[in-house]
Amino acid sequence: MIYCRSCGKQLHESARFCPQCGFNFQPVGAPSPSIWMAVTALVLSILTLLLLLATFGDMDTLNTLSQIESAFGSHSLKKKLAEDAANSAASGLVFGLPAGVLGIVSLVQKRGGRGMVIASLVIGGINLLLILSLFGLSLE
């Protein structure tokens, strides 16, 4: 026999609640933390990183072509290079900023997926450096 922790009435061991006061003996499971913010932040960060890395691969090719073109006096390819860099940097900000905001909010609210959030913030920092270097390339 057990006793109710609320009213002290003697109960059977298999009782789920106290018939006297209604106290529930079943442990209420804590709701599992939602990880949607962490997953979204990580996916957006990875997409931004892939976009920026692809742009850097194109930039190397375009930079080589730009050097050949500058030898012949034309600057249309350099202009295209600068426009592509600025567009990629802007789209990196469009995807990267929400990822950073979701990651920070998820950390502050102590939601699930803490490792994913930290990874997304690290990737977001790398993305920010890539964006700044793209802006630097587009200003040349």
Side-chain angles (χ1 to χ4, degrees):
M1 298 298 261
I2 60 171
Y3 293 92
C4 174
R5 288 182 270 165
S6 178
C7 68
K9 180 174 168 69
Q10 188 175 8
L11 304 169
H12 190 269
E13 297 158 358
S14 63
R16 294 184 181 183
F17 63 92
C18 176
Q20 179 75 26
C21 67
F23 182 78
N24 187 3
F25 293 105
Q26 296 297 329
V28 178
S32 62
S34 174
I35 63 169
W36 72 268
M37 272 199 234
V39 170
T40 306
L42 186 62
V43 167
L44 284 174
S45 293
I46 290 172
L47 284 175
T48 305
L49 182 65
L50 292 175
L51 169 80
L52 295 173
L53 288 177
T55 302
F56 270 98
D58 292 343
M59 297 280 285
D60 289 339
T61 305
L62 287 173
N63 198 14
T64 304
L65 291 174
S66 177
Q67 290 172 358
I68 295 169
E69 198 173 64
S70 65
F72 294 103
S74 174
H75 294 291
S76 62
L77 192 55
K78 253 189 171 170
K79 184 176 179 184
K80 173 146 178 42
L81 172 70
E83 289 172 359
D84 287 348
N87 289 339
S88 292
S91 59
L93 286 175
V94 167
F95 288 119
L97 286 178
V101 168
L102 287 175
I104 291 170
V105 167
S106 186
L107 275 179
V108 168
Q109 292 182 352
K110 296 183 176 148
R111 293 186 178 254
R114 188 172 178 87
M116 284 187 284
V117 170
I118 292 170
S120 77
L121 291 176
V122 167
I123 294 170
I126 294 168
N127 290 340
L128 186 60
L129 293 173
L130 290 174
I131 288 169
L132 291 174
S133 64
L134 278 177
F135 274 127
L137 285 174
S138 66
L139 294 177
E140 289 178 354

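Sequential numbering from 1 along the given sequence is applied to the chain's residues.
- Note: the hydrophobic cluster containing Phe23 does not contain Tyr3 (ILVMFWY, side chain heavy atoms under 4.5 Å, direct or indirect links).
- The two residues Pro98 and Leu44 make their nearest non-hydrogen contact at CB-CD1, 4.0 Å.
- Closest of all the heavy-atom pairs between Phe17 and Asn24 is CB-CA, 4.2 Å.
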List, one per line, each side-chain donor-acceptor pair under 3.5 Å for residues 4-12, sequence neighbours excluded.
unit_1, atom_1, unit_2, atom_2, d
His12, ND1, Ser14, N, 3.1
His12, ND1, Ser14, OG, 2.9

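- Judged as a side-chain contact (heavy atoms from CB on, under 4.5 Å), and not counting sequence neighbours, the contacts of Leu50 are Ile46.
- Closest approach of Ile35 and Met116 over heavy atoms only: CD1-CE, 4.0 Å.
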Can you give the donor-acceptor pairs under 3.5 Å from side chains of residues 119-130 to other protein atoms, not counting sequence neighbours?
unit_1, atom_1, unit_2, atom_2, d
Ser120, OG, Val117, O, 2.8
Asn127, OD1, Leu49, N, 3.4
Asn127, ND2, Ser45, O, 3.1
Asn127, ND2, Ile123, O, 3.4

